[in-house]
Amino acid sequence: MLNSYRHRNMRTELVNSIRKALGELGIDSDGEILLEQPARREHGDFSSNVALKNAKSAGLPPRDLAAKIISKLETDPPKYVTKVDIAGPGFVNFHLDPAWLHSVMETVLEQGADFGRNNVGDGRRVLVEFVSSNPTGPVHAGHARGAVFGDSLARLLEFSGHYVEREFYINDRGVQMQTFADSLAARKAGLEPPEDGYQGQYIIDWAAEMPDDADPLAWGEAHALAKAEDVLKRLNVTYDTWFSERSMVDSGAIDVTLADLAERGVTYESEGALWLRSTDYGDDKDRVLIKSDGEYTYLLPDIAYHRDKFARGFDLLINVWGADHHGYVPRMRAAVESLGHDPSDLEVIISQLVRLEQGGTEVKISKRSGNLITLEDLVDEVGVDAVRLTYLLQSVDTPQTVDLDLVVSQSNENPVFYVQMANARIRSIGRVAADRGIERRELGEVDLSLLTHDRELEVLRSLFSLNDVVSVAVRDREPHRITTWVRELAGCVHGFYHDCPVLADSVDDELRQARWWLMEAAGVGLLVGLSLLGVDAPERM
RNA sequence: GCCCUCGUAGCUCAGUUGGAUAGAGCACCGGACUUCUAAUCCGAUGGUCGCAGGUUCGAAUCCUGCCGAGGGCGCCA
């Protein structure tokens, strides 16, 4: 296990020696010292901007300070460092012996599926709520982004040491449910649905499935939820809890919440309604909790729901909402604060809307009308892996355009094939080797120092960066960074595959063994990345 | 009118909490298979990072204003 931390120590070691050098120069270095992997190879393996950051306090031009730091560093150079130089405005660039990358490779192979894992979460309990919708119809394609994002974020949090539960909030209370039940009942009786009812074909289909003696509301909800659970499971999305809004009415949780709010003095009556004093907590205006007709607003059950989440012992609540709900965030945050919680313990991530195109024109999604592309249609047509990877391709806070024709087509415009192909190629090496009777030796008997080709080192550099990528991705709640990384690694694998044969007769067996293990390590990286995205990697394509 | 998110190559998008000459894929052009999968690789072309100021050693990134796109501003859900 000591070995596992070898390469992570590489960075720590460099930081420590920089700090030591600063100390010897009498420069206060309590600020964070950052080491980045430069984009350009000629800038070395690691680069630091300490000299730029501390130039002012040291009273020296950056390059002069950099020179002083380097002269100190050279008295006791860290392991693997072959050269330290000054570049540009005053960057301190470290050039390392490739052997450090060979140690990275050993780490990857030792850690396997745990490679890239960290413990920034430190056991923090997080509840991720996503998709949450009315059980009045099939989950539609518009929910796909939130579903895939929420699940992948949950995977990322788990991978970073959080305890995570996934939850689906069922909005099974209110007028919509009754309209839905009435529409079902009407179709069952062979009638048109009510004026404001649900017009979709699925209502007709579902009514036909509904037993004669069934209660349309109860049966309809159960049916909708069963279908939702089914299709989400197909998408590799599973929930720990399906939380019913109506259950809070039945359990008295709403009354308890009202009493709690009253006790805190954050509610008042006016004009026959009960209000939350949300302006005290940064909201634009106070919000009605109970309407003058005695009905609850949408907000009250939501407050009770979030109160329940905290009561269940979660430290952090993450809600993934569609862009059409973002105006709701300030009042929800105000509500959480009015309950006595730190508002930063509620994070609401707004997923921008997805525009679906087919044949160059936009496909509108609307549940009320008959024009409905369901999540099931999407998964049937496109396939789970392509759906997930496509939706995780870019940041969730930019509007996304998905061209269905493109995603469906098995063309090389589709990144999922690019990535899966890399994995299939790695696996094919093992298969062909078995056919030819070539055996792989134990890792300990293989000389990794033979890996000096640029293509080989690029694969290792890419693998090394996973730790950083995971840290940043989880910190910023951005699973798409994993997608970007996986595509990069796949690119490195393809480049290697093209230029560096493994099993060919022309390759010396010593080198062959080292390359073979290199591909095993790359396979580990792809596996880790893809599993964070919930995408499978077939053995062959 | 006010609030939120966004604006990067022809198209779809990355861009490591402010870094060095802004990167991929697709499309277009030119190359590479006697080889472990050519669903791949290599090269070329392509940019006023919406516009204008500001902050500083340094800005696609931070601040202000403007322009443009989408979303939100209910005793609806």
Can you pull out the residues from residues 476-493 of chain A that lie within a 4.0 Å heavy-atom distance of RNA chain B?
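The stretch gives A/His480, A/Arg481, A/Thr484 as the residues lying under 4.0 Å from the strand, ordered by number.
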Going by number, which of residues 295-307 of chain A have a non-hydrogen atom under 4.0 Å from RNA chain B?
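When residues 295-307 of chain A is checked for heavy atoms under 4.0 Å from RNA chain B, the hits, listed by number, are A/Tyr296, A/Thr297, A/Tyr298.
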Integer-rounded Å distance: [N] [atom2] and [X] [atom1]:
X: A/Tyr268; N: B/rC75; atom1: OH; atom2: C1'; value: 12 Å
X: A/Arg333; N: B/rC4; atom1: CZ; atom2: C1'; value: 12 Å
X: A/Asp85; N: B/rA20; atom1: CG; atom2: C1'; value: 12 Å
X: A/Glu458; N: B/rC42; atom1: CD; atom2: P; value: 11 Å
X: A/Asn49; N: B/rU17; atom1: CG; atom2: C1'; value: 12 Å
X: A/Asn54; N: B/rG58; atom1: CG; atom2: P; value: 17 Å

Side-chain donor-acceptor pair present, A/Asp385, A/Gln420, cut-off under 3.5 Å:
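On atom types as modelled, these side chains qualify, holding a pair under 3.5 Å.
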Extract all donor-acceptor atom pairs below 3.5 Å that involve side chains of residues 468-482 of chain A and protein atoms in other chains or at least two apart in sequence.
| from | atom 1 | to | atom 2 | distance (Å) |
| --- | --- | --- | --- | --- |
| A/Asp468 | OD1 | A/Arg11 | NH1 | 2.7 |
| A/Asp468 | OD2 | A/Arg11 | NH1 | 3.0 |
| A/Asp468 | OD2 | A/Arg11 | NH2 | 3.0 |
| A/Ser471 | OG | A/Asn467 | O | 2.9 |
| A/Arg477 | NE | A/Glu347 | OE1 | 2.8 |
| A/Arg477 | NH1 | A/Val474 | O | 3.0 |
| A/Arg477 | NH2 | A/Glu347 | OE2 | 2.7 |
| A/Glu478 | OE1 | A/Arg481 | NE | 2.7 |
| A/Glu478 | OE1 | A/Arg481 | NH2 | 3.2 |

How does RNA chain B look in dot-bracket form if you count Watson-Crick and G-U pairs under 3.5 Å, write [ ] for pairs that cross, and put | where a base pairs with another strand?
(((((((..((((.....[...))))..((((.......))))......(((((..]....))))))))))))....
OP1 or OP2 of B/rC76 sitting under 4.0 Å from any side-chain N/O of A/Lys291?
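It does, given that an N or O in the side chain of A/Lys291 lies less than 4.0 Å from OP1 or OP2 of B/rC76.
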Verify the contact: side-chain N or O of A/Tyr418 to OP1 or OP2 of B/rC41, cut-off strictly under 4.0 Å; return yes or no.
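Affirmative; the distance criterion is met.
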Under 3.5 Å, which donor-acceptor pairs do the side chains of residues 286-294 of chain A form with other protein atoms, sequence neighbours left out?
| from | atom 1 | to | atom 2 | distance (Å) |
| --- | --- | --- | --- | --- |
| A/Asp286 | OD1 | A/Ser278 | N | 3.2 |
| A/Asp286 | OD1 | A/Thr279 | N | 3.0 |
| A/Asp286 | OD1 | A/Thr279 | OG1 | 2.6 |
| A/Asp286 | OD2 | A/Tyr268 | OH | 2.7 |
| A/Arg287 | NE | A/Asp283 | OD2 | 2.8 |
| A/Arg287 | NE | A/Lys285 | O | 3.4 |
| A/Arg287 | NH2 | A/Asp283 | OD1 | 3.2 |
| A/Asp293 | OD1 | A/Glu295 | N | 2.9 |

For nucleotides 43-47 of chain B, list the nitrogen or oxygen atoms of the protein found under 3.5 Å from its nitrogen or oxygen atoms, one pair per line.
none

Working to the nearest 0.5 Å, report the span between OH of A/Tyr391 and OG of A/Ser351.
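Rounded to the nearest 0.5 Å, the OH-OG separation comes out at 9.5 Å.
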Mind checking [X] for me? I need base, sugar-phosphate or nothing, with any heavy atom below 4.0 Å counting as a touch.
X: A/Asp286; result: nothing
X: A/Ser506; result: nothing
X: A/Arg427; result: nothing
X: A/His494; result: sugar-phosphate
X: A/Leu52; result: base

Please list every donor-acceptor pair under 3.5 Å in which a side-chain atom of residues 318-327 of chain A meets a protein atom from a residue at least two apart or in another chain.
| from | atom 1 | to | atom 2 | distance (Å) |
| --- | --- | --- | --- | --- |
| A/Asn319 | OD1 | A/Lys309 | NZ | 3.1 |
| A/Asn319 | ND2 | A/His306 | NE2 | 2.8 |
| A/His326 | ND1 | A/Ala323 | O | 3.2 |

Where do N or O atoms of nucleotides 33-37 of chain B meet protein N or O atoms at under 3.5 Å, pair by pair?
| from | atom 1 | to | atom 2 | distance (Å) |
| --- | --- | --- | --- | --- |
| B/rC36 | OP1 | A/Arg436 | NH2 | 2.4 |
| B/rC36 | O2' | A/Ser428 | OG | 2.8 |
| B/rC36 | O2' | A/Tyr497 | OH | 3.4 |
| B/rC36 | O2 | A/Val502 | N | 3.4 |
| B/rC36 | O2 | A/Leu503 | N | 3.2 |
| B/rC36 | N3 | A/Val502 | N | 2.9 |
| B/rC36 | N4 | A/Tyr497 | O | 2.7 |
| B/rC36 | N4 | A/Cys500 | O | 3.0 |
| B/rC36 | N4 | A/Pro501 | N | 3.3 |
| B/rU37 | OP1 | A/Ser428 | OG | 2.1 |
| B/rU37 | O5' | A/Tyr497 | OH | 3.1 |
| B/rU37 | O2' | A/Arg425 | NE | 2.9 |
| B/rU37 | O2' | A/Arg425 | NH2 | 3.4 |
| B/rU37 | O4 | A/Met541 | N | 2.6 |
| B/rU37 | O4 | A/Met541 | O | 3.4 |

Summary of protein contacts for nucleotides 69-74 of chain B, nucleotide by nucleotide, where a base hit scores B, a sugar-phosphate-only hit scores S (4.0 Å, heavy atoms)
--BS-S
Taking the six-membered ring for Trp, are A/Phe243 and A/Tyr169 parallel (under 30°), tilted (30 to 60°) or perpendicular (over 60°)?
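Rings of A/Phe243 and A/Tyr169: tilted, 30 to 60°.
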Salt bridge (Lys or Arg N to Asp or Glu O under 4.0 Å) partners of residues 390-400 of chain A, not counting sequence neighbours, each pair once
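Sorted result for residues 390-400 of chain A: empty, none.
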Any pair counted as salt bridge (Lys or Arg N to Asp or Glu O under 4.0 Å), so long as it reaches residues 513-530 of chain A, sequence neighbours left out
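Pairs touching residues 513-530 of chain A that pass the test: A/Arg427-A/Glu520, A/Arg440-A/Glu520, A/Glu456-A/Arg515.
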I'd like to know if A/Ser395 reaches the base of B/rA14 with its side chain such that a donor and an acceptor end up less than 3.5 angstrom apart.
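Checked by distance alone, the answer is no.
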Set of ring-ring contact (aromatic ring centres under 6.0 Å, His included) partners for A/His43, sequence neighbours left out:
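For A/His43 there are no ring-ring contact (aromatic ring centres under 6.0 Å, His included) partners, ignoring immediate neighbours.
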